[in-house]
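As structure tokens, the structure follows; a few thoughts come after it.
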Amino acid sequence: MVPSGVQRSTKRLFFLSRTEAEPSGPVRAFNLALVTCLVVGTAALILRSSGLRWDWEAVFGYWRLFVDGWRTTIGISAAALGISTLIGAGVALARRSVFVPLRILAQGYVEVVRGTPLLAQIYILFYIVADAVHLENRTLAGILTLSIFSGAYLAEVFRAGIEGIAHSQLESALAIGLTRAQTYRYVILPQALRNVLPAMTGQFVSLIKDSSLLSIIGLNELTQSARNVASYTFSNLESYLLLALGYMAITLPISILTRRLERRFRYET
Amino acid sequence: MKLEVTHLSRAFGSHKALDGLSLAIENAHSLVLVGPSGGGKSTLLRILAGLETPDSGTVAINDVPLLFDEPQLLQHRRRIGVVFQAFNLFPHLSALENITLPLTAVHGHTRSEAQDIAMEQLRRFQLEAKAAQKPAALSGGQRQRIAIARALAVQPQMLLLDEPTSALDPSMTAEVLETIALLRDQGRDFVLATHEMSFARRVADRIALVSNGRVAELSEPGPFFDTPISPVTREFLAKVV
Ligand SMILES: Nc1ncnc2c1ncn2[C@@H]1O[C@H](COP(=O)(O)OP(=O)(O)O)[C@@H](O)[C@H]1O
Ligand SMILES: [Mg+2]
């Protein structure tokens with residue numbers, strides 16, 4: 001059967017043609033609206049048939065708690081982000097060190113941290129290690145635990161970035177007389193940074209979400225706040241919806257920023 | 001330049017890339033290495049460049065012995081210019097930055113000095129219009145010429161070129177060979193491995209046939225091509241000319 005003109009233009013509304021990599025502006029906007037309607041509609045249906053009654057007022061009464069928790073989450077995440085980046089970079093270098101014990105230590109750290117759940121690490125580091133070294137500040141202990149956890153993942157991300165630099169470039173660097181440190185500084189890092197950007201942001205987003213687990217050692221971050229509010233008000237759904245929005249408000253800008261940076265890097269080369 | 005290599009050996013696993021290679025030249029500006037693939041040309045050049053360490057044997061350049069410990073090798077690499085077959089340039093740096101990097105990072109020039117030197121070098125090769133381009137935006141021939149410019153910019157004692165045209169398509173070979181011919185006209189010292197026989201004849205003061213990790217023949221280009229002595233040379237020339 002020969003497709004009619006109407007059929008063809010209907011198809012263009014939903015499908016990319018063979019030559020298109022991205023939908024055009026109007027097509028994208030139309031489909032975005034469509035999908036949004038469907039999702040929201042489905043959610044509304046589910047909520048209606050569950051017979052839930054909204055009670056935002058009680059929850060809003062505790063807005064200060066939410067804001068405080070949200071700020072704590074941002075603070076903890078930002079600090080852990082910085083520290084874990086340092087740990088990740090250091091460990092990635094250590095894994096490539098010419099000093100063998102350092103290599104083994106770095107590798108062991110990565111394996112142990114990646115092979116165990118964060119929950120177990122929080123308990124062990126907080127109730128055993130922090131106690132042993134008399135680290136009583138919960139926030140600091142939480143930040144360090146999160147940094148140690150995330151640092152292992154970042155180390156692998158950075159290592160992949162470093163190892164993605166072609167051998168021929170390391171030869172060129174050697175041939176023009178760069179030292180090892182100079183090779184990292186002028187050749188490896190600028191390119192590795194660009195290569196690891198997507199994986200690195202992915203890890204940052206995980207870190208922010210993982211910070212919610214610190215509620216188990218009594219840190220008053222966003223998850224803990226939501227949990228408290230839920231128990232004061234019995235408005236579980238409202239509290240946890242706010243909780244989700246709170247995390248989205250942090251992670252979404254990061255994703256958007258990264259996509260923009262990636263695009264800029266791509267045009268540069 | 002004066003170059004003395006004695007009993008140089010280098011094995012990879014059980015395979016001897018260099019098998020007691022010796023060669024000595026004096027009062028020559030250019031040495032061209034020819035020979036079958038896998039004969040050991042690159043390995044020899046890499047040792048001369050300070051990028052590889054031999055298992056045994058000695059190298060002396062202008063009567064200065066090459067010492068194979070890392071600090072000495074680093075100093076040595078800084079005195080030598082190297083151009084590989086391909087991928088010489090750093091892809092994240094522009095042509096100009098590729099040339100200025102060793103000048104500023106290694107040779108102690110200020111940024112503006114380095115830029116002047118680099119631009120001068122680019123001008124000499126008629127590449128100044130490409131200064132701001134990244135390697136990806138350049139042709140293979142331009143990339144190789146910029147690699148030569150980078151190697152020359154630091155005023156090296158000698159240049160080592162390992163088949164600088166064999167990764168290029170034929171249309172770009174000529175411009176790179178012309179650039180190398182220019183080096184010869186300027187009396188620069190260089191060692192070149194190549195498969196371009198007529199070019200070898202044109203630019204070589206001495207020409208060596210490297211095969212099975214040894215030098216089978218070493219002479220001036222005239223006798224080398226017209227009256228080769230070694231059967232290995234004759235066989236090789238019969239195949240390629
Ligand atoms: N890094 C290496 N590891 C293993 N084998 C190598 C390495 N470099 C060179 N060889 C081997 O040494 C021999 C000589 O190689 P090469 O010096 O590259 O010769 P040519 O440049 O004349 O083609 C070849 O058989 C090659 O496979
Ligand atoms: Mg070779």
Side-chain angles (χ1 to χ4, degrees), chain A residues 21 89 92-94 96-103 157-201 258-269, chain B residues 42 45-46 48-53 70-94 97-108 132-138 143 146-147 149-157 159-162 167:
Chain A
L93 292 183
R96 298 171 49 81
S97 165
V98 290
F99 185 53
V100 181
L102 201 56
R103 282 176 95 105
V157 168
F158 292 154
R159 191 169 70 104
I162 292 172
E163 283 170 7
I165 308 293
H167 183 70
S168 58
Q169 288 194 48
L170 304 184
E171 283 265 302
S172 285
L174 205 60
I176 63 172
L178 297 185
T179 61
R180 208 174 148 79
Q182 286 176 324
T183 303
Y184 272 108
R185 176 170 164 200
Y186 296 113
V187 179
I188 297 178
L189 288 185
Q191 298 182 76
L193 208 59
R194 182 178 310 193
N195 296 343
V196 304
L197 197 64
M200 200 167 128
T201 354
T258 322
R259 213 165 308 152
R260 230 177 254 167
L261 278 177
E262 269 178 62
R263 212 169 305 153
R264 207 174 79 203
F265 281 156
R266 204 169 332 137
Y267 292 141
E268 266 179 10
T269 33
Chain B
S42 296
L45 281 171
R46 290 172 48 78
L48 293 179
L51 297 170
E52 188 89 67
T53 322
E70 185 47 37
Q72 300 281 341
L73 284 179
L74 181 65
Q75 293 312 316
H76 174 69
R77 285 181 213 120
R78 293 176 166 180
R79 288 192 293 264
I80 300 280
V82 182
V83 178
F84 303 107
Q85 206 170 62
F87 305 118
N88 286 284
L89 302 181
F90 301 116
H92 62 301
L93 300 180
S94 69
E97 290 163 339
N98 261 286
I99 303 177
T100 56
L101 175 60
L103 289 167
T104 54
V106 176
H107 296 272
Q133 304 274 2
K134 294 265 169 73
L138 301 169
R143 271 179 241 160
I146 285 163
R150 178 176 74 187
L152 284 177
V154 303
Q155 312 251 349
Q157 183 182 31
L159 224 54
L160 304 173
L161 305 115
D162 190 0

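The sequence lines fix the lettering, A, B, ..., with proteins before strands; numbering per chain opens at 1.
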Residue pair B/F87 / A/Q169, side-chain heavy-atom distance below 4.5 Å: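 Result no, sub-4.5 Å side-chain heavy-atom pair not found.
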Approximate separation, where rounding is to 0.5 Å, of B/E97 CD and A/Y186 OH: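 B/E97 CD to A/Y186 OH: 12.5 Å, rounded to 0.5 Å.
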Under 4.5 Å from any heavy atom of chain A - which part of B/R79: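 Contact with chain A: none, neither part.
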Heavy-atom contact with chain A under 4.5 Å, split by part of B/A49: neither
Atom of B/A105, atom of A/Q182 and distance for their closest heavy-atom approach: O-NE2, 2.8 Å
Partner chain A: residue of B/V82, B/I80, B/L51, B/L93 with the largest heavy-atom pair count (under 4.5 Å):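 Highest number of heavy-atom pairs under 4.5 Å: B/L51.
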Close contacts, residues 171-181 of chain A versus chain B, judged by heavy atoms under 4.5 Å: A/E171, A/S172, A/A173, A/L174, A/A175, A/I176, A/G177, A/L178, A/T179
